[in-house]
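Hydrogens, waters and symmetry mates play no part in the numbers below; they use all other heavy atoms, side chains included. Both ligands and their constituent atoms are indexed starting at 1 by order of listing.
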Amino acid sequence: MRVYGHYIDGAFTGSDSGSYIESTDPVSGEVWSKIARGTDADVERACASAQAAFENPEWRGLSASARGKLLRQLGDLILENADWLASVEMKDNGKLIAELGNQMRYMSNYYYYYGGLADKIEGSTIPSDKPGVFNFTRYEPLGVVACIMPWNSPLPLTSLKLAPALAAGNTVVLKPSEFTSASLLEFVKLVELAGFPKGVVNVVTGFGHEMGEALVSHPHVERIAFTGGPEAGRIINEQAARSMKRVTMELGGKSPNIIFEDADLDQALKGAVAGIFAASGQTCVAGSRLLVQRSIHDAFLERLVTFLEDIKFGHPSDPSTQIAPISTAPQLKKIEDYVRIATEEGARLVRGGKRASVDGYPNGLFYEPTIFADVDNSMRIAQEEVFGPILSVIPFDTEEDAVRIANDIKFGLAAGIWTENLARGIRMTEKVRAGTIWVNNYRSTSVTSPFGGFKMSGIGREGGIPGMMEYLELKSVWISTNVDIPNPFIRR
Ligand code: NAD
């Protein structure tokens, strides 16, 4: 049994409460580690540490180039330790090692990319219309940033915040999900090895509803970078607004994956599966509403069901496993609740709808990929995020019809469009309201590209240059070039 404390001011420390949260392996159902159950006092210590580090010349006095070098050193360490990080993350959330290994190796690029960007953020000289003054702008770090993460992709989602926040010169307090804190507590050892001064990166663990408000409303914290569900996002946004804190919100979705009759249907089939059944649908961008043009609807649905006949459940550490368990027991319960709701609403269960029993893993949280047909877009199963392997299939007739259904939702995180008609593809990218649109592919992402949501799916962007600008404050500086101060009673 591993026992993890918080990581504050460069040292691992127990919780003020003296109590711990148990972390469970979703395959065996066994408790494998314990993490500190944070309190307001722990948050106070972490924020004080981050604030002191922000003011310390050891960090504040570093050039942007030197910060960039530290980030790149961290990127190297991630590459060297990718398998180790993947194995810890798998133990906590049960995600496939085949995907996790790639994700961890790719994650080094977050630090290379933002490390490279650190010394390329430039202000400008303004051709001012006022005589006798020289006006320029500069970007500065905000100070202490609080980052709050979910359980589905703990380290990559942390890194999308941490890398740009550090590149910009901020210090951070990280709060991982209570279900998946271990990998981050292993990861910070690499942060230390890379040479970041103590206090620049701090981690407090615990339940969001217990110590979250202390973090979100802490006077040292200038920005909240949150990834998680819409409900927690709403609470945090309201709390942050009271002290005018900046927020980035990466929330949920109910993304349409739209298949036109003129699509390459072999590819579209794989795109539909990748959209909702990869990672058992536990991804924010899950293509959980499959909009299929009526002329191909029945045949496509049949092919989809057939495609899923031979899928392989198993241990996530087995590279041949395609479906791993659901990450947490509460999530499994939520999935079961929505399957019941969909059935009561009159959706037609075509496949799945129950737990999967997998030989050798009697306590594993496995769930069958589930498909509902005859779904009306107004049903709860079409409007609310399940965050599991539950697909709602919705027929449509025309392009206008597809756009209307796609947009008739409070979310706007992502969308997939499958068509061989280039003009139609472009028209759809213009009309569908979502932060990421994929044409003839699904789930492509890159650290170089901005990612975020329209509507209730979020505020702000992560990734790319926009993702870095979220962590900077813009200052306008006016310097007089005229020795003679003009009339003090009249504005220049
Ligand atoms: P969640 O909202 O329950 O929890 C996310 C984090 O917020 C956890 O660390 C939790 O402890 C913390 N938290 C909860 N209440 C809080 C409060 N009142 N104050 C402060 N912190 C609080 O989400 P989850 O179940 O861990 O993750 C699943 C959700 O995350 C899904 O809705 C999914 O769509 C979303 N998600 C979004 C993205 C994206 O980039 N848009 C990516 C991954 C996951």
Ignoring hydrogens and angles, write down the donor-acceptor pairs under 3.5 Å from the side chains of residues 405-412, residues two or more places apart or on other chains.
| residue | atom | partner | partner atom | Å |
| --- | --- | --- | --- | --- |
| N407 | OD1 | R433 | N | 2.9 |
| N407 | ND2 | K431 | O | 3.0 |

Below 6.0 angstrom between ring centroids: does that apply to Y361 and H315?
-> yes
List the steps and the verdict of side-chain contact (heavy atoms from CB on, under 4.5 Å) for M456 and L251.
-> CA-CA 7 Å; M456 283 287 282; L251 307 178; 5.9 Å; no
Pairing of E344 and R340 as salt bridge, 4.0 angstrom limit | yes
Scan residues 210-254 for pairs that pass ring-ring contact (aromatic ring centres under 6.0 Å, His included), counting only residues two or more places apart or in two chains.
-> H218-H220
For ligand 1, protein residues within the heavy-atom limit of under 4.0 Å are I148, M149, P150, W151, N152, L157, K175, P176, S177, E178, G208, G212, F226, T227, G228, G229, P230, A232, I235, I236, E250, L251, G252, C284, E385, F387, L413, F451
Could you tabulate the donor-acceptor pairs under 3.5 Å formed by side-chain atoms of residues 322-333, not counting sequence neighbours?
| residue | atom | partner | partner atom | Å |
| --- | --- | --- | --- | --- |
| Q322 | OE1 | K312 | N | 2.9 |
| S327 | OG | N93 | O | 2.7 |
| T328 | OG1 | Q331 | N | 3.1 |
| Q331 | NE2 | V386 | O | 2.9 |
| Q331 | NE2 | F387 | O | 2.6 |
| K333 | NZ | D337 | OD1 | 3.3 |
| K333 | NZ | D337 | OD2 | 2.9 |

